[in-house]
There are 2 protein chains.
Amino acid sequence: MHSPELLKGTLQTIVLKVLKDNGRMYGYEITQRVKELSDERIVLTEGALYPALHKLEAEGMLRTETEAIGKRVRKYYSLTPQGRSLVKERVNEFVEFIKTMGNVLQVNIG
Amino acid sequence: MHSPELLKGTLQTIVLKVLKDNGRMYGYEITQRVKELSDERIVLTEGALYPALHKLEAEGMLRTETEAIGKRVRKYYSLTPQGRSLVKERVNEFVEFIKTMGNVLQVNIG
DNA sequence: CTTAGATACATAATTCACTTATGTATTAAT
DNA sequence: ATTAATACATAAGTGAATTATGTATCTAAG
């Protein structure tokens, strides 16, 4: 991202939506998928991603399954029913935000 | 704003664009105009606005003229040529950001 | 075969834009 | 007279991020 400031507040929304669209995913996989979808423009840092995942799990939005791949351990995350509700809420919020900003900045988005 | 987190990083962009569209404005006027344009959804706090204006002035993006209205003092801000360039940059950045987010979140905006 | 880069997780320290709180003072409305 | 709106300003505190650091495995290149 050119202006990383704008990204603030969007991490949860991104993680939740990508998990909804792709099903079960592990942390590193999420970073790669987001990088891909954003054409390299959004690169999630581990220092932000892992704490965010842990927080969402603690809040009951995500559940985890640990899997051994060779000697490595992968932690797969997926949405709980509560998490599913939250995704909708967060995405709607974001779309509303964009509409509002469009009015304030007088720009046609899309 | 329902989710004030999303607003982070947009303050400068908002202030600059509103100043571009409305010409000479004073701080309080900016808050009112933004409130109006956003249908009450974005309410700039003074603690954020005034430091932001001072910063932009210190960086040569804004110039000020002080005017006495009765016994009150109003500080009018307007864009410098440098400020004009910055508006374009910031608005473009924001539009790019929205496009990127649209791809990541798989939502049609607009 | 060893070394660099990618994969995979995690957490602590720090930063910084913002919110909240506080302060001063004028003007308008009830 | 008192409250709310107008109008500026700055200091203290917050919290989500960045940056830095640590551990460990797998793969490709030379």
Side-chain angles (χ1 to χ4, degrees), chain A residues 1-16 24-36 40-59 61-62 64-77 90 93-94 97 101, chain B residues 1-16 24-36 40-59 61-62 64-77 90 93-94 97 101:
Chain A
M1 233 337 135
H2 316 98
S3 176
E5 280 310 313
L6 292 173
L7 217 51
K8 299 220 175 194
T10 62
L11 178 60
Q12 260 202 19
T13 309
I14 291 172
V15 168
L16 288 166
R24 229 171 72 111
M25 294 180 97
Y26 54 97
Y28 186 76
E29 195 182 6
I30 295 174
T31 67
Q32 298 310 300
R33 182 77 184 121
V34 170
K35 204 194 273 186
E36 193 192 336
E40 307 278 286
R41 280 185 271 267
I42 299 178
V43 179
L44 303 185
T45 58
E46 297 142 295
L49 179 66
Y50 291 114
L53 288 171
H54 300 163
K55 195 184 168 222
L56 286 167
E57 190 190 0
E59 291 168 353
M61 302 300 155
L62 303 179
T64 58
E65 293 163 88
T66 302
E67 243 173 68
I69 307 294
K71 280 180 188 173
R72 275 225 202 100
V73 171
R74 269 187 200 162
K75 212 165 151 186
Y76 280 92
Y77 289 87
R90 285 277 186 276
E93 253 173 19
F94 188 78
F97 166 70
M101 284 298 287
Chain B
M1 233 337 136
H2 318 96
S3 176
E5 282 309 313
L6 292 172
L7 217 51
K8 299 224 173 190
T10 62
L11 178 60
Q12 260 201 20
T13 309
I14 290 173
V15 168
L16 289 166
R24 224 172 75 108
M25 291 179 101
Y26 54 98
Y28 186 74
E29 196 182 6
I30 296 173
T31 65
Q32 298 310 300
R33 183 74 183 123
V34 170
K35 204 192 276 188
E36 194 191 336
E40 309 277 286
R41 279 184 270 264
I42 300 178
V43 179
L44 303 185
T45 60
E46 299 142 294
L49 178 65
Y50 291 115
L53 287 170
H54 300 163
K55 195 184 168 221
L56 286 167
E57 191 191 0
E59 290 167 355
M61 303 302 155
L62 302 178
T64 58
E65 293 163 88
T66 302
E67 243 175 69
I69 308 294
K71 283 180 185 172
R72 273 225 204 96
V73 172
R74 267 189 202 159
K75 212 164 154 188
Y76 279 92
Y77 289 86
R90 286 278 187 276
E93 250 174 23
F94 187 78
F97 166 68
M101 284 297 287

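Proteins get letters first, then strands, A, B, ... in listed order; numbering begins at 1 in each. Basis for what follows: all heavy atoms, side chains included, without hydrogens, waters or symmetry-related copies.
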Looking only at dT25(D), dA9(D), dA7(D), the nucleotide nearest the K75(B) side chain is dA9(D)
Q.
Among dC18(C), dC8(D), dT27(C), which nucleotide has an atom closest to any side-chain atom of K71(B)?
A.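 Nearest listed nucleotide: dT27(C).
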Next on the checklist: Between E29(B) and Y26(B) (side chain of the first, backbone of the second, donor and acceptor by atom type, cut-off under 3.5 Å), is there such a pair?
Outcome noted: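 Pair found, side chain donor or acceptor close to backbone of Y26(B).
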Rounding to a whole Å, what distance do you find between [X]:[atom1] and [N]:[atom2]?
{"X": "L56(A)", "N": "dA16(D)", "atom1": "CG", "atom2": "C1'", "answer": "13 Å"}
{"X": "Q12(B)", "N": "dA17(C)", "atom1": "CD", "atom2": "P", "answer": "9 Å"}
{"X": "R33(B)", "N": "dA7(D)", "atom1": "CZ", "atom2": "C1'", "answer": "19 Å"}
{"X": "R74(B)", "N": "dC8(D)", "atom1": "CZ", "atom2": "P", "answer": "8 Å"}
{"X": "E65(B)", "N": "dA7(D)", "atom1": "CD", "atom2": "P", "answer": "17 Å"}
{"X": "Y26(B)", "N": "dT27(C)", "atom1": "OH", "atom2": "P", "answer": "13 Å"}
{"X": "K8(A)", "N": "dC18(C)", "atom1": "NZ", "atom2": "C1'", "answer": "9 Å"}
{"X": "E5(A)", "N": "dT18(D)", "atom1": "CD", "atom2": "C1'", "answer": "10 Å"}

Are the side chains of V34(B) and T31(B) in contact, using a 4.5 Å heavy-atom criterion?
no
Check your understanding: Is the closest side-chain heavy-atom distance between L62(A) and L16(A) below 4.5 Å?
Key ->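 Yes, at least one pair of side-chain atoms sits under 4.5 Å.
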Of I69(A) and L44(A), the one whose closest nucleotide on DNA chain D sits nearer the 5' end is L44(A)
So does E67(A) pair up with K75(A), basic N to acidic O under 4.0 Å?
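Not counted as a salt bridge, because no side-chain N and carboxylate O are separated by less than 4.0 Å.
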Item to complete: Using a 4.0 Å heavy-atom cut-off across all strands, classify R72(B) as base, sugar-phosphate, or nothing.
Response: base
Taken in chain and number order and not counting sequence neighbours, the residues that satisfy salt bridge (Lys or Arg N to Asp or Glu O under 4.0 Å) with E36(A) are R33(A)
Show the atom names and distances, to 0.1 Å, of all donor-acceptor pairs under 3.5 Å that link a side chain in residues 48-57 of chain B to residues at least two apart or in another chain.
unit_1	atom_1	unit_2	atom_2	d
H54(B)	ND1	Y50(B)	O	3.4
E57(B)	OE2	T64(B)	OG1	2.9

When rounded to the nearest 0.5 Å, the distance separating CG of L6(B) from OG1 of T10(A) is 7.5 Å
Q. Among residues 45-55 of chain B, which residues get a heavy atom nearer than 4.0 Å to DNA chain C?
A.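 Hits under 4.0 Å, by residue number: T45(B), G47(B), A48(B).
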